[in-house]
Novice: 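Pasting a structure below so you can have a look.
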There are 2 protein chains.
Amino acid sequence: MLGVTELTETEDGLLPEPAVSEIELVAVLSALADPIRLRIVRELAAAGEPLACAAVPLPVSKSTCTHHYRVLREAGVIRQQRVGTARMSSLREAELGRRFPGLLPSVLAGG
Amino acid sequence: MLGVTELTETEDGLLPEPAVSEIELVAVLSALADPIRLRIVRELAAAGEPLACAAVPLPVSKSTCTHHYRVLREAGVIRQQRVGTARMSSLREAELGRRFPGLLPSVLAGG
DNA sequence: TTCGTAGTTCGACGGTTTTAGTAATACGAT
DNA sequence: ATCGTATTACTAAAACCGTCGAACTACGAA
């Protein structure tokens, strides 16, 4: 079962995410090609530590917010973990850098 | 009128495109977040010289093909110029590199 | 146990994107 | 002039995406 994405939440509250080798370029680019998701990614990068969804102020409803975080997670851009009632999200910066070197930095730097 | 995108074709057959400063990150990412357009961009990068639309074999109809080239051009990723009956397309590699350093190389390198 | 907080799921709506077909245009060659 | 090639424009259908509200789950605190 090596390399297969978990379909259900693991015991430690980690939500399902693609393995590094499974991360697809088109999926990552699609995930990043949205102003709100880009903003989330930038906040996470700036924070440098896991952030709760609610910690990033966004001009959309909660359900839309959930949607955007899921797109990012399923693309392999972020990781999400249940901690109590919160979902702590963090950038998969190193893993992404391993799969697509230079991509995330250039996006984060980009105006 | 400096820095304003031309709305109509210029005399030398150059099709309307955004100025470097007008190129938007989200637009570029959206443009690249499609398998067919990514393929076009890769072929153009590999060729290193302007290519006619018809020179890149694609599994879609001609009109769809036109559409994808236009998306790339309007995002500022490629340049298109009429040469006789053909539209020669080329990557705006240097300009893109100036606006978003490292972005295109990382996308081209990515699996 | 009851309440509040954080977030999800579901169904729907509206707008955009992708797609193809058909007709039209521009040009080079005959 | 006419023909073939390359490509666009227009139109219309299908698929996709971002958005919301309402109902729901899960957890911690009082």
Side-chain angles (χ1 to χ4, degrees), chain A residues 7-17 24 26-41 43-44 50-75 77-90, chain B residues 7-17 24 26-41 43-44 50-75 77-90:
Chain A
L7 293 172
T8 55
E9 191 174 329
T10 51
E11 230 171 84
D12 57 351
L14 200 64
L15 272 65
E17 65 181 28
E24 302 236 24
V26 168
V28 171
L29 292 174
S30 299
L32 297 176
D34 177 281
I36 290 187
R37 290 195 291 262
L38 209 43
R39 195 159 144 187
I40 294 173
V41 167
E43 295 266 8
L44 291 179
L51 246 49
C53 299
V56 181
L58 295 174
V60 291
S61 71
K62 280 195 299 177
S63 50
T64 301
C65 195
T66 295
H67 163 71
H68 286 304
Y69 276 94
R70 180 166 39 185
V71 170
L72 286 170
R73 174 169 49 79
E74 290 180 347
V77 177
I78 68 171
R79 168 166 296 142
Q80 285 187 292
Q81 188 165 14
R82 275 176 190 268
V83 175
T85 158
R87 288 287 187 288
M88 301 306 280
S89 301
S90 50
Chain B
L7 294 172
T8 55
E9 191 173 331
T10 51
E11 229 170 87
D12 56 352
L14 200 64
L15 273 64
E17 64 181 30
E24 302 236 23
V26 168
V28 172
L29 292 175
S30 298
L32 297 176
D34 177 282
I36 291 186
R37 290 194 290 262
L38 207 43
R39 196 160 142 185
I40 293 172
V41 168
E43 296 264 9
L44 291 179
L51 247 48
C53 300
V56 182
L58 295 174
V60 292
S61 71
K62 284 191 296 182
S63 51
T64 301
C65 194
T66 296
H67 162 71
H68 287 303
Y69 275 95
R70 179 167 40 187
V71 170
L72 286 170
R73 174 171 48 82
E74 289 180 347
V77 177
I78 68 171
R79 166 166 297 142
Q80 287 188 292
Q81 188 165 13
R82 276 176 190 269
V83 175
T85 158
R87 288 285 186 291
M88 302 306 281
S89 302
S90 50

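Note: hydrogens, waters and symmetry copies are ignored here, and every other heavy atom, side chains too, is used. We name chains A, B, ... by the order of the sequence lines, and we start the count at 1 in each one.
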Novice: Return the value, rounded to whole Å, for the distance between atom CE of A/Met88 and atom P of D/dC27.
Specialist: 16 Å

Novice: Please report the distance, rounded to the nearest Å, between CG in A/Leu58 and P in D/dC20.
Specialist: 11 Å

Novice: From C/dA6, D/dT19, C/dT8, pick the nucleotide closest to the side chain of A/Thr64?
Specialist: D/dT19

Novice: Looking only at heavy atoms, which two atoms of B/Val60 and B/Cys65 are closest? And how far apart?
Specialist: CG2-N, 4.1 Å

Novice: Of the listed nucleotides (C/dA20, D/dA9, C/dT19), which one gets closest to any side-chain atom of B/Arg70?
Specialist: D/dA9

Novice: As a test of reading the structure: which of D/dA22, C/dG21, D/dT19 is closest to the side chain of A/Ser63, going by heavy atoms?
Specialist: D/dA22

Novice: B/Asp34 has an atom CG; how far is it from atom P of C/dT19, in whole Å?
Specialist: 6 Å

Novice: Using a cut-off of less than 4.0 Å, is there contact between a side-chain N or O of B/Thr66 and OP1 or OP2 of D/dT7?
Specialist: no

Novice: Answer yes or no: is there an ion pair linking A/Arg79 with A/Glu17, defined by an N-O contact shorter than 4.0 Å?
Specialist: yes

Novice: State which of D/dT19, C/dT18, D/dA26 makes the closest approach to the side chain of B/His68.
Specialist: C/dT18

Novice: If you compare every side-chain N and O of A/Ser61 against the phosphate oxygens of D/dC20 (OP1, OP2), does one of them come in below 4.0 Å?
Specialist: yes

Novice: Which nucleotide wins on minimum distance to the side chain of B/Gln80, given the candidates C/dT19, D/dT8, D/dT19?
Specialist: D/dT8

Novice: Can you check the A/Glu74 CD to C/dT8 C1' distance for me, whole Å?
Specialist: 13 Å

Novice: Report the distance from atom OH of B/Tyr69 to atom P of C/dT19, rounded to the nearest whole Å.
Specialist: 14 Å

Novice: If the cut-off is 4.0 Å, is A/Arg37 near the phosphate of D/dG18, judged by side-chain N/O to OP1 or OP2?
Specialist: yes

Novice: In the structure I gave you, are the side-chain heavy atoms of B/Arg87 and B/Arg82 within less than 4.5 Å of one another anywhere?
Specialist: yes

Novice: Would you mind telling me which residue lines up with the more 5' stretch of DNA chain D, A/Val71 or A/Thr85, judged by nearest nucleotide?
Specialist: A/Val71

Novice: Within a 6.0 Å radius of atom CD on A/Glu24, are there more than 12 heavy atoms belonging to other residues, nucleotides or ligands?
Specialist: no

Novice: Starting at atom CZ of A/Arg73, determine the distance to atom C1' of C/dG7, rounded to an integer number of angstrom.
Specialist: 12 Å

Novice: Looking at B/Arg39 and B/Pro57, would you say the former's side chain and the latter's main chain have a donor-acceptor pair under 3.5 Å?
Specialist: yes

Novice: For A/Ala33 and for A/Gly84, find the nucleotide of DNA chain D with the closest heavy atom, then tell me which residue's nucleotide is more 5'.
Specialist: A/Ala33

Novice: Send over the distance from A/Leu38 CG to D/dG18 P, rounded to a whole Å.
Specialist: 13 Å

Novice: Which nucleotide in the set D/dT7, D/dG18, C/dT19 lies at the smallest distance from any side-chain heavy atom of B/Lys62?
Specialist: D/dT7

Novice: I need the NE2-P distance between A/His67 and C/dT8, as an integer number of Å.
Specialist: 12 Å

Novice: Between D/dA9, C/dG7, D/dT7, which one does the side chain of A/Cys53 approach most closely?
Specialist: C/dG7

